[in-house]
Amino acid sequence: MTDLLAGLNPEQLRAVTWPAKSALVLAGAGSGKTRVLTTRIAWLLSTGQIGPSGILAVTFTNKAAREMQTRLATMVPVNVRTMWIGTFHGLCNRFLRSHYRDAGLPQTFQILDSADQQAAIKRLLKSLELSDEKFPPRAVQSFINGSKEAGLRADRLPPALNLYEAKLVELYAAYDAQCRREGVVDFAELLLRSYELLSANQALRQHYCSRFSHILVDEFQDTNRLQYAWLKLLAGDGGSLFAVGDDDQSIYAFRGAEVGNMRALLNDFSVSEPVRLEQNYRSMGNILNAANALIEQNDGRLGKNLWTDAGEGEKIRLFEAYSDGEEAEFIIDEVRSLKRDGFNLSDMAVLYRSNAQSRLLEHVLVNAQIPYRIYGGLRFFERQEIKHALAYLRLIANPEDDNALLRVINVPARGIGARTVEGLQAVSREQGVTLWQAACASGGGRTAAKLGEFVLLVERMRERGRELPLAEAVSLAIDDSGLRAMYEQDKKEGEERLANLDELINAATGFMPDEPAQALTEFLTAASLEAGEHQAEAGSDALQLMTMHAAKGLEFDAVFVSGLEEGLFPHENSMNDGKGLQEERRLMYVAITRARQRLYLSSAQSRMLHGQSRYPIRSRFVDEIPAELTHDLSAKVKAPAKTNASTSASWRTAPKVGRVAADNSQGFRIGQSVEHAKFGSGVVINAEGGGEDVRLQINFAEHGVKWLDLRYAKLSAG
DNA sequence: TACCGGGCAATTTTT
DNA sequence: TTGCCCGGTA
């Protein structure tokens, strides 16, 4: 017990040993948040205040849940698998599986991931003969999810303001009906259904409320309305909620996160003051001071100041490049030099605001032969071949799953074309039956014969699959469906896809179901709820590339925050209202606080975006960092005063006036107006080279953007 | 059924 | 510039 609490700082200790009432722990970046959370659970258990079944611990990601479980297992001798530690969705799934009848769900209900949900919506639109021009599936999806996250069913929504909205509400109702028919639930539904069941069923609610006397929540600033309502319901009247979060790291408002839940908690659970964890164990002082100064610009904060006893450390390195290309080169040069100094590539990260920015970096990294790893992109269970195989498995579990049926009814091609499928859908619509039932009932004729073969195939797979161990059932689905044969034919990508399918069989082999009788359902659930790694192959030492969002929760010795330009970061879509801008600033705060020792902030004066050159000005976020904390590496040429043209627009058609283009640019400067004999008048927007060999990029009014070599071009000042 | 080309949009994302 | 989606054609 004393061991457990040893080494905690006073605030951590205060949080860990907080009495059995609600608390809000304001946990700064790198302040030992996970440690506090796990140690509190261990402390509650080992002091006998509560048994393992009395604790509910919620996270947002599977990774965080696993980490909590692993660390807890090293602290106290409990079976963490039996404890209710998991993601919101994982725990709601568990709850709904135990009470599927009360929840009005089939025992083997399947979970739709985002892509599945969108497919279901497209199908619905088609069946209602609504064009997806007028009702973009994405928009319908976000309307449905938004409503669910507000806790509202279609019949409870406020009256529609116009016909369009009324139609959306109708679609929402129809979508829910379709899901019910097919025995599937989407992500938001997991939460809403759990919430509704708990509020409607008093006995159940009382049971869980008295059982979970300690509810702990991680990343509380990311909770949405429904999640908060669910927590409140579970905590009950006298219940306690131990919430850990950081309002300054709230960067997910765009997907429904409500920072306001933090203040709401203080009020709703009568917490007088948050516990602040402000001592940082990650970064050097200059980095923290930069972060503190930056975030100070936001208002409405709960307030917190990070500090360290590790010392000031190095200054923050600024670099303003001529172009995005030069910025990339700079980063790569610095990476090389850090590597020479003994840093691992995997301890360095390049962060950017949007994924598109990785392309140029990749290009330059490939040329420089520096190994790198990008976070993002397709995850294992989202791959086409895996989704196909899973669709067959879903049909084994439940042939009424129209989504699954549609996905593979003609994969591999077996002569069931679009026309046949439309016929099936018409029958299904008219008679109110699922596609599977329609297929089973199809009469004579050639198409019916093909359908009959498919029905037979699925039935055979179901029969055999039922008796087999999971891994063999998976293998059977891949072989009997013809998927394996199909990919064996595929010269281009077949090999990799086959390897992935084998990996799926491996995953099934290693899968440990809680209830062996439900192995298949559990496996499919896990596949939906944990889409797998973000293709981050471990192993070799590689530079880490990722968006700033993806970097949350991670840390590196050296961090490059790139593309610090108005319009890009803060992003032009977010910089027009105060709320958006403040969230961007929090994102900058997150990015800065990823660095342990060294932090680079880089920007470019020209950048290729959407196939067009832009000439942005440096991000305001750079200027919000006190100059005494920084060291400008780009100050080779003294920057002139800014023109007043830069005050309104975030980017202009011409860069800052006056910067000397190159050493011997014959007096031409970026921003200067020039005349060309053939192209007419233009503005110098970029320069390259030096000495004799100088090239200028010029934006001509009549002839567009051109590179000109000063040795040949006849250019004069305009 | 499969491929080509035009049109068009283009943050951030876990479950 | 890239990548996706749709419609037209072989």
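- Residue contacts shown for Tyr252(A) are limited to sugar-phosphate atoms, with no base heavy atom under 4.0 Å away.
- For dT15(B), the base has a donor-acceptor partner in the side chain of Ser114(A) [N/O atoms by modelled type, under 3.5 angstrom].
- Nucleotide dT13(B) holds its C1' atom 11 Å from the CZ atom of Arg353(A), rounded to whole Å.
- The distance between atom NE2 of His549(A) and atom C1' of dT13(B), rounded to the nearest whole Å, is 8 Å.
- A donor-acceptor distance shorter than 3.5 angstrom exists from the side chain of His571(A) to the backbone of Asn573(A), with no hydrogens or angles considered.
- At the heavy-atom level, Glu584(A) lies under 4.0 Å from base atoms of the strands shown.
- One interatomic measurement links the two molecules: CD of Gln489(A) to C1' of dA2(B), which rounds to 16 Å at whole-angstrom precision.
- A side chain to side chain donor-acceptor pair (under 3.5 Å) check over residues 409-422 of chain A, counting only residues at least two apart or in different chains, returns the pairs Tyr392(A)-Arg414(A).
- The separation between Glu382(A) atom CD and dT15(B) atom C1' is 11 Å, rounded to whole Å.
- Going from atom CG of Leu91(A) over to atom C1' of dT14(B) covers 15 Å, rounded to whole Å.
- Residue Asp222(A) is out of contact with every strand shown, counting any heavy-atom pair closer than 4.0 Å.
- Applying the 4.0 Å criterion to OP1 and OP2 of dT15(B), one finds that Asn62(A) has a side-chain N or O inside that range.
- Ring-plane geometry between His99(A) and Tyr208(A) is classed as perpendicular, the angle between the planes exceeding 60 degrees on a 0 to 90 degree scale with a lower cut at 30.
- Using a 4.0 Å heavy-atom cutoff across all strands shown, Asn145(A) reaches no nucleic acid atom at all.
- For the residue pair Gln357(A) and Ser354(A), a side-chain donor N or O sits within less than 3.5 Å of a side-chain acceptor on the partner.
- Using cut-offs of 30° and 60° for the angle between ring planes, the Phe621(A) and Phe569(A) rings count as perpendicular.
- Mapped onto DNA chain B by nearest heavy atom, Ala413(A) and Arg138(A) fall at different nucleotides, with Ala413(A) at the one closer to the 5' end.
- Atom CD of Gln357(A) and atom C1' of dT12(B) are 11 Å apart (whole Å).
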Query - Step-by-step side chain to side chain contact (heavy atoms under 4.5 Å, CB included) determination, Leu393(A) to Leu390(A) - result: CA-CA 5 Å; Leu393(A) 289 171; Leu390(A) 290 176; 4.0 Å; yes
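- You'll find that the side chain of Arg255(A) is closest to dT14(B), out of dT15(B), dT14(B), dT12(B).
- Note: CG (Asp490(A)) to C1' (dA2(B)) measures 14 Å, nearest angstrom.
- Two residues, Gly90(A) and Phe254(A), neighbour DNA chain B, and the one matched to the more 5' nucleotide by heavy-atom proximity is Phe254(A).
- Looking at Arg614(A) and Glu572(A), a side-chain N of the basic residue comes within less than 4.0 Å of a carboxylate O on the acidic one, giving a salt bridge.
- Contact between the side-chain N/O atoms of Asn93(A) and the OP1/OP2 oxygens of dT15(B) is not found at any separation under 4.0 Å.
- Using a 4.0 Å heavy-atom criterion, one finds that Asp113(A) contacts no nucleic acid atom at all.
- Side-chain atoms of Thr521(A) and Arg97(A) include no donor-acceptor pair closer than 3.5 Å.
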Requested in this report: Indicate for each nucleotide in nucleotides 1-10 of chain C, in 5' to 3' sequence, whether protein heavy atoms under 4.0 Å reach the base (B), only the sugar-phosphate (S), or nothing (-).
Outcome: BSS-------
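- In this entry the distance linking NZ of Lys552(A) with P of dT15(B) reads 12 Å, nearest Å.
- Rounded to a whole angstrom, the distance from the C1' atom of dC5(C) to that of dT12(B) is 23 Å.
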